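In what follows, chains carry the letters A, B, and so on, assigned in the order in which the sequence lines appear, proteins first and then strands, with residues in each chain numbered from 1. Keep in mind that this is a model prediction, so the values were computed, not measured.
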Amino acid sequence: MSAPLIEMRGITKIFGAVKANEAVDLSVAPGEILGLLGENGAGKTTLMNVLFGAYAPDAGEILVEGRPVTIHNSADALAAGIGMVHQHFHLAPRLTVLENLLIGIPGKSGRIDRTRGLARLDEISRQYGLSLDPNLPVSALSVGEQQRLEIIKALFRGAKLLILDEPTAVLAPSEVDGLFAALRSMAAQGLGIIFISHKLNEVRALTHRCVVLRHGKVAGRVDHPASTTSAEMAKLMCGHEIVPPTREASTPGAAVLTLDGISTSGHAGMPLRDVSLFVRAGEILGIAGVSGNGQQALADVISGMLQPRAGTMTIAGKTVTRFSPRELQAFGLGRIPEDRMTTGLVTNLPLADSMVLPRIGTEAFSRNGLLNPTAIRAFAEAQIKAYDIRCPGPMVRAGALSGGNLQKALLARELAFDPKVLIVSQPTRGLDIGAARFIHEKFLAMRAKGCGIIVIGEDLEELLMLSDRIAVMYEGRIARTLPSADATVARLGLMMTGAEGKA
Amino acid sequence: MFRLEARTSTPAWFNLALPLIAIAVTLVLCSGLIAVAGAGVIEAYGVMLSASLGDSYAITETLVRAAPMIFTGLAVAIAFRAKFWNIGAEGQLLAGAVASCFVGAIPMPGYLAMLLMAIVGAAAGALVALVPATLRIKFKVDDVVSSLLLNSVIYYALMALIEGPWKDTFSGYPISPPIEDSANFPVLIEGTRLHLGVIVALIAAPLCWFLIARTTLGFRIRVTGENPEAARYGGISVQRVLLSTALLSGALAGLAGVGEVGGVHFQVMSDISPGYGYSGIVVAMLARLNPLGVVPAAIFLAAVMTGAEAMSRATGVPAFLSDVIQGTALLAMLVALLFTAYRIRRVGAQT
Ligand SMILES: Nc1ncnc2c1ncn2[C@@H]1O[C@H](COP(=O)(O)OP(=O)(O)O)[C@@H](O)[C@H]1O
Ligand SMILES: [Mg+2]
């Protein structure tokens, strides 16, 4: 390959006591897709923020096409041909696709040049197969489409190097394929790409070369990702072997949760249509499906957030159909929501508050309407220790924790009171291997203790590993339930598209 | 070049420093107006200070004025904690005043009368606050608008009362009949107007702090305000929390009216409140919605109000300056609050 498009040499970035990056070298050639791997907190985002000008490095230099440059801000980065798609998008929701593209781009005599913008958008669409309706407001776009807009935005501003920070964390598997196709086409046409992920199979499928970060340092480089095993890369990332947990054979007990003929309406997403299912004590039931096929409504009905229009739900033989979230919890239901930040926790309040939230009115944390701050703190401290939640302490703002630690905190709060049934959505989305493994082990331990668990997920390999049985959801219905021993990723994938139907 | 950068955490001293900085900025900005009005800035502020806090009598007067703003400030602080946007403390105050005036005019033993005035006045304020809360829960009506508009409704109802059935037939003035002498709140220091209600207000602040910080209701209010979705998921009835907050907030604002009737005016007239309900919003914001901060914030505004009158007499600067200071302080505080979420960073020259 030709001379590097960009090169970072000896980059060090220190935040207080944390060395987020230490002497990192990295380069990308035109037409190359470089994978940047590492567990949460390894320093991937920081390194890219240094490249994009958000942080000034404490040491090291950056070269663009062989020339040393100093990048103070995103304008400098863009001028040097570096574009970045952040983990959290930077779009104006009320403006249209085209307007978002034109923000900050001066037209003739200060006016916005829509015609030129449209022409350029059209050109980019055709060149890389990235199309979007220019007149739709951003608020009407799906997450995947917003991401596409961010990519187009970077190309629009003339990026020769595109940085994508965990782009697949927010995508459904079907959307991932589309993203990869676009990235491959960009690379084929000479753009350089830095792709951040901690999903090894994605990195192996997409990238030409990888740099693995651990604790801010380069832990290793992989020159042929496609022919390197996931286990080898995982070892580089974590510093030790990762052994997948095994699901011991077991005989499930009686049904602890049943849904019978549940239908819903008035829900934002796909409603449920006559859904019946059960999960037994000591059993894990996986719910597979392309997202948007009623999984959200299912989770909402079971956790009491949505009242079904018809049907009955029981826990341990008792009908609980129209119970509130609080009553359901009191009845032994534990829940982990899909969206940890908005549904699970209160990001602006101390972590301890979020951890006791569902049981604040119980004897454990209050008496006669008065809080027991000592008990609250002690509970939070104990769980932080038991679940190895990395944080400065129970009084830290919950929002300051990383995704993996938030998920551990949520798990701790739900499992502390030995639920009979546990419903979890996307339990390891966005988590690195280590944190995901921890969560899996907890689920299996709960299963061994006789808890019935429903796992709603899109990661089929994870579902196959955890579940005793798998139900496939399609258009608001359970299309099929089968023992996981009879299922394969390919077969589930087919059923998820409705192909195998009620066979 | 400077730019705003998001903060990951806010240092603790900020909570105290922000209102002080906001106030300092306000006084600097308003000194320009004083100069334009043709007076010496130092002299004018000097008169304000000595007239409001210069001697013990001035201090008692300032406290008497602070009392209603402590109540309305608490009312707003608690409501805003739950993100119940109660802009209606003014109307709730007036309702409390009218209701307590009714009760106070009935002959009965003094202490019973005072107790009943407080209860009925608080209930009246609570009832008024219930309206925007219910409209929001049942019909998703914006509570900012409904609670604000309700202020005018209550005000004109009060006017109708004192221009109609309550009108003083003897003098023809639009004022209510006075409450019984025995129902007048006892004065704590001979020769001043420092009445029992002021002490109640000063006690109410720590009680409200305790409620927010140490009770399950306070916990639910905080959580609901920060994230109603997580609150509901966590088993909190968001609607019930909103209703409780509205009742509490309205009751506190109602008590502001009770204090004015029982301790200051002993009757109801059209200008019984010079906008104490609106000042409560400024107080609550300066206090950063912390009930303990409400006391100093209310005393500051009260000092500005009493001081501005004296300054006007001494220097000829219109007393309206007090309103300008209030408004500027609110704006300065809102800008200052930006710095809890962002910091200004100096960035090097562009290459
Ligand atoms: N703005 C910041 N201030 C202080 N510490 C930070 C900041 N940004 C990141 N860190 C710390 O630097 C380390 C690397 O974080 P990050 O680059 O976000 O990791 P990754 O993207 O690989 O998950 C973490 O320990 C994180 O807590
Ligand atoms: Mg990151």
So, the side chain of B:Asn227 versus the backbone of A:Val346: is there a donor-acceptor pair under 3.5 Å, distance only?
no
With respect to chain B, which residue among A:Thr343, A:Leu349, A:Leu345, A:Leu370 yields the maximal number of heavy-atom pairs within a distance under 4.5 Å?
A:Thr343
Taking every heavy-atom pair that is under 4.5 Å apart, which of B:Ile236, B:Leu217, B:Leu211, B:Thr216 has the most such pairs with chain A?
B:Thr216
Could you tell me whether a side-chain N or O of A:Ser366 sits under 3.5 Å from a main-chain N or O of A:Ile360, the two making a donor and an acceptor?
yes
One option among A:Ala330, A:Pro358, A:Gly399 has the most heavy-atom pairs under 4.5 Å with chain B, and it is A:Pro358
Using modelled atom types and a 3.5 Å cut-off, is there a donor and acceptor pairing between side-chain atoms of A:Arg377 and backbone atoms of A:Ala352?
no
What part of B:Arg222 lies closer than 4.5 angstrom to a heavy atom of chain A: side chain, backbone, both or neither?
both
Indicate whether the side chain of B:Ser249 and that of B:Asn86 have a donor and an acceptor atom separated by less than 3.5 Å.
yes
Atom group of A:Arg335 that falls short of 4.5 Å from chain B, counting heavy atoms:
both
side-chain contact (heavy atoms from CB on, under 4.5 Å) assessment of A:Val396 paired with A:Leu401
CA-CA 8 Å; A:Val396 68; A:Leu401 270 66; 3.8 Å; yes
